[in-house]
**Q** 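What follows is a structure written as structure tokens; I'll ask about it next.
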Amino acid sequence: MSALTLINARLGADAQALQTLYVEDGRFVSAPGAGAEILDLQGKLLLPGLVETHIHLDKACIMQRCQLSEGTLAEAIAQTRSAKADFTEADVYGRGAQVLEKAITQGTTHMRTHVEIDPQIGLTGFNAVRRLKADYAWAISLEICVFPQEGLLNNPGTEALLCEALAQGAEVLGGCPYTDADPGAQIRRLFELAVEFDRDLDFHLDFDLNPEGMTIGEVIRCTHQHGWAGRVTIGHVTKLSALPRDTLLAVAESLAEAGVQVTCLPSTDLFLTGREHFHNRPRGLAPLQHLHACGVTCSLSTNNIGNPFTPYGDASLVRQANLFANVSQLATEAELLRCLSWVSSESARLLRLPDYGLTPGCRADFIVFDAPSPAAVVAEISPPLMGYKAGRKTFERAQPRLIRP
Ligand SMILES: [Zn+2]
């Protein structure tokens, strides 16, 4: 039995409204536990832990092994494929651990990581990430989404390996239809496997700025056909940014009706798309604000760190929220709060986390900021000062201090 009482916690912009929260055995409870340790937050802002819905731990931090010349999606896939030939379990583990440790100190307490499965890498990446999941469970909950980055139907042997990983406990099945000659056929096969193994689906989809040739309709159709509402996510979907308003709103309404969710990956999408334009280069991000208004569950995520898909990254979800706000010209308090929700409460809804939040019964995963309001966390890219996982402190960050003459 371990108990913690948080006093003088601020949950919003109102500096006068300070609250007391109680934690016992890793969860928020409604009354203080016996012998609780007291933590005085002195009016600092308390938020639930951040939720990363889409990242690739297995191919992070490989920039020094790659050579970029075009900066395109095709080059990123090809460069990563050749780097992958030298991946070992220890190598994937080491690079994944670096990213996890960054993410933990940026306030992330839950993460869905995609892991590549194909006959070349086999289950090497999967086995490394499973060890990371166990070794870092004290600070972050990892869920593993296995997917065929090199194609499914074009790449014999991949499906059997995916099924093996699912049988060994991979929580989610991912897809990358644009890597197969017949994208619709990959989508249909993955739905069949998802039903067979009772898994949620998470696709990389419609990842360019040409409004023609969208595969989103096939995902929506299959979601209805299999009754998979609320269990299907599509990531990137940058083609949505190329649609005029009426067409976009019609697609958004069918996504909402089908229960298909959308993840925007701002760093990657801004880096890889639109390179065919020398001037007036489009921004090309899925317009989450319009999708949300039509009732689509959305999230913002990191996708990649330090590789040819995204040569940047500090694993800060707050920075991704700020980047999306900036590029999408969102600035009012309500808009910034919405951006924050896409890395926290809405992300948790997308991943169907049953016990997320600060109310009694929820897991005591929380972070503390020195910021005037939740909207200001996004506007100023505030770093968290400390974080807790299941009521146990997992990190702290010293405040910088001016040294005046
Ligand atoms: Zn991805």
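Order of listing sets the numbers, starting from 1, for every ligand and every atom in it.
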**Q** For D86, is there an ion pair with R65 - N to carboxylate O distance below 4.0 angstrom?
**A** no
**Q** For the residue pair H204 and H236, does the interplanar ring angle fall in the parallel (under 30°), tilted (30 to 60°) or perpendicular (over 60°) class?
**A** tilted
**Q** Here's one to test your reading of the geometry: is the NZ or CZ of R352 within 45 degrees of the ring axis of Y356 and under 6.0 Å from its centre?
**A** no
**Q** For T394, which residues count as a side chain to side chain contact (heavy atoms under 4.5 Å, CB included) partner, sequence neighbours excluded?
**A** I104, W138, A139, K389, R392
**Q** Are T158 and E150 linked by a side-chain donor-acceptor pair shorter than 3.5 Å?
**A** no
**Q** What are the protein N, O or S atoms, given as residue plus atom name, that sit under 2.8 Å from the Zn ion (ligand 1)?
**A** H54 NE2, H56 NE2, H204 NE2, N303 OD1
**Q** State plainly whether the residues D14 and R10 are in salt-bridge range, i.e. N to O under 4.0 Å.
**A** no
